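Report on one structure; see the data block that follows.
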2 protein chains.
Amino acid sequence: MKIGELAKLTGCSVQSIRHYEKEKLLASLRRSDGNFRLYDSAKVDQLKFIKHCRSLDLSLAEIRQLIELNQQPGMGCEDVNRMIDSHIEQVALRINELQDLQDKLMALRNSCASQSTVKECGILQTLSVTQK
Amino acid sequence: MKIGELAKLTGCSVQSIRHYEKEKLLASLRRSDGNFRLYDSAKVDQLKFIKHCRSLDLSLAEIRQLIELNQQPGMGCEDVNRMIDSHIEQVALRINELQDLQDKLMALRNSCASQSTVKECGILQTLSVTQK
DNA sequence: CTTGACTCTATAGTTACCATAGAGTTTAGG
DNA sequence: CCTAAACTCTATGGTAACTATAGAGTCAAG
């Protein structure tokens, strides 16, 4: 199949697929006479694997690592576990950061009544105060 | 003062300051004979304002808008309020997304015992299963 | 045999910077 | 006075994971 069909079957954009190829995540089997990329059904599964990983916010570099690991079935999978653990930690950190941010934004928002002028705007005044 | 001193006083990097200038957020008063940027103490406050906004994750475009609004003291400040409200909403959305992600990552993590091999790794198997 | 749909490569854009190169400026010490 | 260190300048490329575009070639149907 050509790249457009692969895109339709997986819900990826054509450009993403080319991008994954450039990043060594998904090679096309071969090219047609007219230099079009050709794929078989195994590539559909490979691309779905990539998509699944991306939906979990794994980076392309990490996905590449997973693909490589997957090709050494006998090895221990501690690296896989460690990668996921580290991700969970990163996400938790980010959530905490955003929650702090949310608190600050709410406080800021409460410093201005809706029907004020720019000159009296509590938000602008608060933003102008030097923070520690 | 020169750019290095401004940087030290505000905790910004020299590059950031030049970047803000290119983005029309902070102009230098004038240049020295040797073409160095020169600033006065008012610029310290302006830069602190920018830093404060950045710490709340406002984009440079939004900060530029706030600076412009700030120069029209008589106008209503509904736009300011709206900007902050919209930010709060964006952050809330992002927190929800990340919490969903966190749940998925935890479930994934639980699918593999620590001492497994790649071939039997529950994580890799789960990632290979086509999602709905 | 032409027209429209598809594909190709290469390049620029997104965001808010950081890093670097290569050159000029200033300042403090010897 | 001179030089070396510290500072500054502009311009460029890199980050992440794509999206969008240009300009050209390929293919299938009517």
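Chain letters run A, B, ... following the sequence lines, proteins first, then strands; residues in each count from 1. These numbers come from a predicted model, not from an experiment.
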key: Rounded interatomic separation in angstrom, taking CE from B/Met1 and P from D/dC7   = 16 Å
key: Positions of residues 15-36 of chain B (non-hydrogen atom under 4.0 Å from DNA chain C), listed by number   = B/Gln15, B/Ser16, B/His19, B/Tyr20, B/Gly34, B/Phe36
inquiry  = Under the side chain to side chain contact (heavy atoms under 4.5 Å, CB included) test against A/Leu38, which residue among A/Lys2, A/Met1, A/Arg31 passes?
reply    = A/Lys2
request  = Can you measure from CD1 (A/Ile123) to CG (A/Asn110) and round to the nearest 0.5 angstrom?
outcome  = 9.0 Å
remark   = Across all chains, not counting sequence neighbours, the salt bridge (charged side-chain N to carboxylate O under 4.0 Å, His left out) partners of A/Glu5 are none
query = Starting at the 5' end of DNA chain C, which residue's closest nucleotide do you reach first, B/Ser59 or B/Lys2?
reply = B/Ser59
inquiry  = Quick check: on DNA chain D, is the nucleotide nearest A/Asp57 upstream (toward 5') of the one nearest B/Ile3, or the reverse? Name the residue that is more 5'.
reply    = B/Ile3
message = Taking side chain to side chain contact (heavy atoms under 4.5 Å, CB included) as the definition, give me every residue that meets it alongside A/Asp79, ordered by chain and number, with sequence neighbours left out.
response = A/Leu69, A/Arg82
remark   = chain A vs DNA chain C, heavy-atom contacts under 4.0 Å, first-to-last nucleotide span, 5' to 3', is C/dT7 to C/dT9
inquiry  = Can you confirm whether B/Glu89 is buried at CD, in the sense that more than 12 heavy atoms of other residues, nucleotides or ligands lie under 6.0 Å from that atom?
reply    = no
task = Check whether any side-chain N or O of A/Ser16 sits under 3.5 Å from a backbone N or O of A/Cys12 as a donor-acceptor pair, and report yes or no.
result = no
remark   = Between its two end axes (five pairs each) the helix from C/dC1-D/dG30 to C/dG30-D/dC1 turns, nearest 10 degrees, through 30°
remark   = Here the gap from B/Ile3 atom CD1 to B/Phe36 atom CZ, rounded to the nearest 0.5 Å, amounts to 10.5 Å
Donor-acceptor pairs under 3.5 Å, side chain of residues 17-30 of chain A to any protein atom, not counting sequence neighbours: which ones?
| unit_1 | atom_1 | unit_2 | atom_2 | d |
| --- | --- | --- | --- | --- |
| A/Glu21 | OE1 | A/Arg37 | NE | 2.8 |
| A/Glu21 | OE2 | A/Arg37 | NE | 3.4 |
| A/Glu23 | OE1 | A/Arg64 | NH2 | 3.4 |

ask   = Side chains of B/Ser59 and B/Glu62: do they bring a donor and an acceptor to under 3.5 Å?
value = yes
message = Can you confirm whether the side chains of B/Thr117 and B/Glu120 place a donor and an acceptor under 3.5 Å from each other?
response = yes
inquiry  = Tell me the interatomic distance from A/Arg54, atom CZ, to D/dA16, atom P, rounded to whole angstroms.
reply    = 12 Å
